[in-house]
Amino acid sequence: MSDPLRQAKAVGDFFAALDGELEAVAIVRLQAVRELRAMGWSYDRIARETGLSKGRVAQLVRDPRGR
């Protein structure tokens with residue numbers, strides 16, 4: 001594809017599709033973290049076992065998506 005306008009549009013379309021897929025994957029992680037909390041896991045334990053920061057775990061637990 002040598003036309004810069006077509007290149008720009010194609011990349012934009014790709015990014016839009018990728019954003020949708022990333023959101024779907026993010027919801028899976030969000031729900032998994034919530035499930036671990038519901039099972040009594042501490043923020044520290046979830047962070048340690050998943051490699052997320054404790055702050056990120058707290059954000060995911062409070063995130064309104066996927067409820």
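We're numbering straight along the sequence, starting at 1. Computed from a predicted structure; not experimentally measured.
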What pairs with R48 under side-chain hydrogen bond (donor to acceptor under 3.5 Å, both in side chains), at least two apart in sequence or on another chain?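 Checked R48 against side-chain hydrogen bond (donor to acceptor under 3.5 Å, both in side chains); zero matches.
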Contacts of type side-chain hydrogen bond (donor to acceptor under 3.5 Å, both in side chains), residue E23, not counting sequence neighbours: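 Counting only residues at least two positions away or on another chain, E23 forms a side-chain hydrogen bond (donor to acceptor under 3.5 Å, both in side chains) with R65.
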With sequence neighbours excluded, tell me which residues meet side chain to side chain contact (heavy atoms under 4.5 Å, CB included) with [X].
X   : answer
D19 : none
E49 : W41, R45
A32 : none
S53 : R56

What distance do L22 atom CG and I27 atom CD1 have between them, rounded to the nearest 0.5 Å?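 L22 atom CG to I27 atom CD1 measures 11.5 Å (nearest 0.5 Å).
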Taking atom CG of L52 and atom CZ of R29, what is their separation to the nearest 0.5 Å?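 The CZ atom of R29 is 5.0 Å from CG of L52, to the nearest 0.5 Å.
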Side chains of V61 and I46: closer than 4.5 Å at any heavy-atom pair?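 A side-chain contact under 4.5 Å is absent here.
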Which atom pairs, donor and acceptor, lie under 3.5 Å between side-chain atoms of residues 2-16 and protein residues at least two apart or in another chain?
| residue | atom | partner | partner atom | Å |
| --- | --- | --- | --- | --- |
| D3 | OD1 | L5 | N | 3.3 |
| Q7 | NE2 | M1 | O | 2.6 |

Report yes or no: do M39 and V33 belong to one cluster of Ile/Leu/Val/Met/Phe/Trp/Tyr joined by side chain heavy-atom distances under 4.5 Å?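 Yes, same cluster.
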